[in-house]
2 protein chains.
Amino acid sequence: MARTQGSHSDITGPRILAAAEELFARHGYAAVSMRQIAGAVGVQAGALYNYTSDKQSLLFDLMQTHMEELLAAWAEESVPGDVKGRLEGFVRFHIRYNLERSDAVFIAYMELRNLTEENFARIEDRRRAYEDQLEGILKDGVAQGLFHVADTKIAALAVIAMLNGVLTWYRDGGRLSLVEVETLYWDMVRKAVGV
Amino acid sequence: MARTQGSHSDITGPRILAAAEELFARHGYAAVSMRQIAGAVGVQAGALYNYTSDKQSLLFDLMQTHMEELLAAWAEESVPGDVKGRLEGFVRFHIRYNLERSDAVFIAYMELRNLTEENFARIEDRRRAYEDQLEGILKDGVAQGLFHVADTKIAALAVIAMLNGVLTWYRDGGRLSLVEVETLYWDMVRKAVGV
DNA sequence: GTTTTATCTGAACAAATGTTCAGTTATTCT
DNA sequence: AGAATAACTGAACATTTGTTCAGATAAAAC
């Protein structure tokens, strides 16, 4: 056998990335083999190498794409206006976006140590850019005398860490709806920055 | 060659656990081989099996020990008194203790998916017990009308997630001292619970 | 000083790993 | 229709994996 019926690169390519994303998120990068990914797609392991140069760049591509899309989505959703509203927008956006793409977020936070030094630096750069978005809001709030935070850098990291925690317990159809979760966290963030 | 000079089980045993802890924390459980652990101890791979039945229980032992020690340390440090003081005590304890044992904490949070279903349940039980300690403080504060939190369960998870974030960026000799970090986070937690 | 026991080596095992590639077949182009 | 190309198979590769175990040597017990 060789080329299979209905095989197209623009179909198999995304399916490989999707399978890798789910498996990496569930079992971890190092614990997932190329054969498992291939099996999930319904293809032999060798076929993966028409779409990726190696396992490492499969991981990097997933992370890179996720970070770019995250930044792009925030750039589109972010609206200028009063700082309090901007902060609320960030909190709600972060929770919602990250829950929608929990697999990608999980990977982006847990598999950093499996990246090449060079790839790590690139991802880290994008993460810092995202953190800077939040810190920018906090700085503006402080400058306007509205927020009271002693260290905007630390506060930004603390808020993001707190929001990321949602990923570890939130389940669809659980006790709280998405909007309720957003509101609970916004309430805590709002008070933490002193407004 | 066989038994090496100065070989004692009460020395090699702890060294194996220490080496495994450091390697698991740095590279991840699945990415570390038994031969790497043995190499770090200065012993052949087969010798590890005098101290552990398999790789899985090496991981579980590390997690189990960590969780028990964490709970014991908190039980000793925790003092009854006003809720505000108890909450401050928890925040400072959590940051300090977790930074001192960052390798074990990292493993306990990142390698849950590599545990057997049964082992996972045991660790999860201990983690919940720890979260309950914090939630208990929050509940007391709410009952006394001192804290204003809408959902004590979520608030406990949010606070712990926020505090754990310190692990990802704190470095000894960095911009902020340990006490400064504790104080910054306590300030944010204090405000977040509305006091 | 001799025996017993604890501790480790070194080789071996089958299975699994990432990756390559010649060959085969479906699709697309002419 | 046939020729060219894209997509995949299946086998092979050198390593590495977790784990076992007979044998060897050091430490402890007598």
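Computed from a predicted structure; not experimentally measured. Just so you know, these numbers use all the heavy atoms, side chains as well, and skip hydrogens, waters and symmetry mates. Labels below follow one simple rule: chain letters A, B, ... track the order of the sequence lines, proteins then strands, and each chain is numbered from 1.
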Review point. Pairs in or reaching into residues 154-195 of chain A: which pass ring-ring contact (aromatic ring centres under 6.0 Å, His included), with residues at least two apart or in two chains?
Key: none
Review point. Going by distance alone, is a donor N or O of one side chain under 3.5 Å from an acceptor N or O of the other, for Asn114(B) and His27(A)?
Key: no
Exercise for review: Considering non-hydrogen atoms only, spot the tightest contact between Ala19(A) and Ala40(A) and give its length.
Suggested key: CB-CB, 3.9 Å
**Study point:** Qualifying salt bridge (charged side-chain N to carboxylate O under 4.0 Å, His left out) pairs with a residue from residues 48-58 of chain A, counting only residues at least two apart or across chains
**Key:** none
Practice item. Applying side-chain contact (heavy atoms from CB on, under 4.5 Å), name anything that partners Glu68(B), two or more places apart in sequence or on another chain. Key: Gln64(B), Arg126(B)
Practice item. Measure across Asn98(A) and Leu167(A) and return the closest heavy-atom pair with its distance rounded to 0.1 Å. Key: O-CD2, 3.5 Å
Check your understanding: Is it true that Glu69(A) and Arg101(A) make a salt bridge, defined as a side-chain N closer than 4.0 Å to a carboxylate O?
Key -> yes
Review point. Would one find a side-chain N or O of Tyr51(B) under 4.0 angstrom from OP1 or OP2 of dC8(C)?
Key: yes
Exercise for review: Enumerate the residues from residues 14-24 of chain B whose closest heavy atom to DNA chain C is under 4.0 Å, giving them by residue number; use none for an empty result.
Suggested key: none
Point to revise | For Glu77(B), the option from Arg86(B), Arg92(B), Arg96(B) that meets salt bridge (Lys or Arg N to Asp or Glu O under 4.0 Å) | key: Arg96(B)
Review point. Between Arg127(A) and Glu124(A), does at least one N-O distance fall below 4.0 Å, as a salt bridge requires?
Key: yes
**Study point:** Minimum heavy-atom distance Ala31(A)-Gln36(A), with the two atoms named
**Key:** O-NE2, 3.6 Å
Exercise for review: Between protein and nucleotides 15-20 of chain D, map the contacts as a letter string: B base, S sugar-phosphate only, - none, heavy atoms under 4.0 Å, written 5' to 3'.
Suggested key: --BBBB
Between the protein and nucleotides 27-30 of chain C, list the N/O to N/O atom pairs that are separated by less than 3.5 angstrom.
from    : atom 1 : to      : atom 2 : distance (Å)
dT27(C) : OP1    : Gly6(A) : N      : 2.7

**Study point:** Interatomic distance, Gln44(A) CD vs dT25(C) C1' [rounded to whole Å]
**Key:** 15 Å
**Study point:** Distance in angstrom units between Leu48(B) CG and dT7(C) P, rounded
**Key:** 14 Å
